[in-house]
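A short write-up of the structure that comes next.
Not measured: the values here are computed from a predicted model. Heavy-atom basis, side chains included; hydrogens, waters and symmetry copies ignored.
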Amino acid sequence: MQSFRTPLGVIPIAGDDEPPFQPERGFRLTIYRHSRSPYFFELSLPVPELFNVFRSLTEHLSDMVYPVMERPPEEGEDLPAWPQGRYASLGRYMKRHDIMALFQKHAFQIQNDGMLGAGLAGRNDDTGFFREVFIDEHKTLRVITEDPAEIKDILRENDIPFIPDLTLLGERAHAHRSLIVFDDLREMFSEPELAYDQVFTDIARALGMPAKQNLSL
């Protein structure tokens with residue numbers, strides 16, 4: 001059985017009297033009965049499969065969506081804690097294809113940097129229900145939707161198993177790192193391409209997103 005390749009920037013560490021956590025490939029599903037978009041999928045996937053499945057799942061979104069990005073607050077930033085001290089930047093509605101083309105250029109960072117989160121959100125053209133596909137800073141791929149059938153079809157096509165009691169990497173002892181701390185990556189990327197705050201700013205600027213002020217979800 002092939003071992004689970006964890007992201008470079010989210011590192012399992014030993015906990016109290018236990019070895020570093022070894023994630024497993026799969027998904028779990030939570031249903032919030034009183035929500036208009038009640039189905040919440042959480043996927044644990046190895047790198048580099050993570051971004052490929054992310055791209056497939058965005059295909060169920062409308063043609064017009066908005067980008068969502070996360071990073072930790074910079075020193076001195078007085079930002080509302082969403083979630084748990086994370087900075088969220090929302091963009092304007094634009095073509096899904098254009099957003100994904102830019103995300104694709106930064107696929108290595110998005111699926112490996114332990115400080116970045118990136119995804120897409122919007123409304124279903126037919127129902128108006130909210131949908132989201134997002135890779136968070138723990139590299140958990142999460143999906144919010146009102147139609148689980150579409151998502152389950154994609155998961156089945158990719159042979160991703162349903163594990164009801166799936167434990168996510170972010171739920172066990174771990175450490176976060178930005179890619180700039182990995183010296184061996186400097187042969188492949190320039191320093192700005194390895195600094196999460198610079199990557200965040202470059203993507204935000206290219207998409208016309210707010211790079212400084214916080215927008216609440």
Side-chain angles (χ1 to χ4, degrees), residues 7 9-10 27-30 32 35 37-72 82-125 129-148 150-151 154-155 158 160 168-170 176 178-179 196-197 199-211 214-217:
V10 187
F27 78 94
R28 70 188 188 191
L29 173 61
T30 304
Y32 296 99
S35 172
S37 298
Y39 298 95
F40 181 44
F41 293 82
E42 294 169 289
L43 283 66
S44 173
L45 296 173
V47 175
E49 182 184 8
L50 174 62
F51 194 88
N52 293 333
V53 174
F54 168 68
R55 185 173 52 236
S56 296
L57 289 168
T58 63
E59 294 295 323
H60 96 293
L61 299 173
S62 300
D63 290 337
M64 298 295 289
V65 293
Y66 59 84
V68 187
M69 294 182 61
E70 287 181 359
R71 64 164 171 77
W82 184 92
Q84 299 177 355
R86 300 286 294 177
Y87 171 105
S89 182
L90 310 185
R92 59 183 173 82
Y93 269 85
M94 60 184 71
K95 292 182 179 179
R96 169 168 46 85
H97 179 271
D98 292 342
I99 301 171
M100 286 304 301
L102 185 62
F103 282 173
Q104 182 68 55
K105 293 180 181 179
H106 297 277
F108 183 84
Q109 289 86 345
I110 290 173
Q111 67 181 346
N112 276 293
D113 196 294
M115 303 295 182
L116 285 174
L120 307 175
R123 299 285 175 181
N124 183 327
D125 287 336
F129 290 146
F130 177 78
R131 291 179 169 186
E132 180 183 71
V133 182
F134 194 87
I135 298 175
D136 70 14
E137 76 276 16
H138 294 102
K139 307 309 157 190
T140 297
L141 176 51
R142 69 186 193 217
V143 181
I144 299 172
T145 185
E146 88 291 354
D147 186 355
E150 290 182 87
I151 303 303
I154 295 172
L155 301 180
N158 287 275
I160 301 172
L168 303 174
L169 174 54
H176 288 264
S178 185
L179 299 181
Y196 75 87
D197 51 345
V199 173
F200 180 98
T201 299
D202 288 348
I203 294 176
R205 285 175 176 169
L207 294 176
M209 301 171 67
N214 186 62
L215 294 183
S216 172
L217 292 183

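- Note: R142 CZ to E42 CD = 9.0 Å, rounded to the nearest 0.5 Å.
- With hydrogens and angles ignored, the 3.5 Å screen pairs no side-chain donor or acceptor of K95 with any backbone N or O of V65.
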Taking it one step at a time, do H138 and L168 satisfy side chain to side chain contact (heavy atoms under 4.5 Å, CB included)?
CA-CA 9 Å; H138 294 102; L168 303 174; over 6 Å; no
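- When all heavy atoms of I203 and H106 are compared, the pair lying nearest together is CG1-CD2, 3.7 Å.
- Distance check: L57 CG to L155 CG gives 6.0 Å after rounding to the nearest 0.5 Å.
- How far NE2 of H60 is from CD1 of I151: 3.5 Å, rounded to the nearest 0.5 Å.
- One finds the CD atom of E132 at 11.0 Å from the OG1 atom of T145 (value rounded to the nearest 0.5 Å).
- With hydrogens and angles disregarded, a donor-acceptor distance shorter than 3.5 Å links the side chain of N112 to the backbone of F108.
- For the pair H176 (side chain) and M115 (backbone), a donor-acceptor distance under 3.5 Å is absent.
- Side chain of S37 to main chain of F130: a donor-acceptor pair is present (N/O by atom type, distance under 3.5 Å, no hydrogens or angles).
- Interatomic distance, R131 CZ to D147 CG, rounded to the nearest 0.5 Å: 5.5 Å.
- Residues M94 and L207 approach most closely at CE-O, 3.1 Å, considering heavy atoms.
- Nearest heavy-atom pair across F103 and A118 is CZ-CB, 4.1 Å.
- By the side-chain contact (heavy atoms from CB on, under 4.5 Å) test, E49 pairs with R25, L45, P46, V53, I160, sequence neighbours left out.
- Residues that satisfy the side chain to side chain donor-acceptor pair (under 3.5 Å) test with S62, not counting sequence neighbours, are D125.
- Interatomic distance, Q104 CD to N52 CG, rounded to the nearest 0.5 Å: 7.5 Å.
- Ring planes of F41 and F27: tilted class, angle from 30 to 60°.
- At a threshold of 4.5 Å between non-hydrogen side-chain atoms, the residues M100 and F54 count as touching.
- Closest approach of K139 and V10 over heavy atoms only: CG-CG2, 4.0 Å.
- In this structure, the side chains of E70 and F134 come closer than 4.5 Å at one or more pairs of heavy atoms.
- The aromatic rings of Y93 and Y66 sit perpendicular, their planes meeting at an angle over 60°, well past the 30° parallel limit.
- The closest donor-acceptor contact from the side chain of N124 to the backbone of F129 lies at 3.5 Å or more, if one exists at all.
- With Q111 as the fixed residue, the side chain to side chain contact (heavy atoms under 4.5 Å, CB included) test singles out one of L116, L141, V47: V47.
- Taking all atoms of both residues into account, the shortest heavy-atom contact from A121 to V68 is CB-CG2, 4.1 Å.
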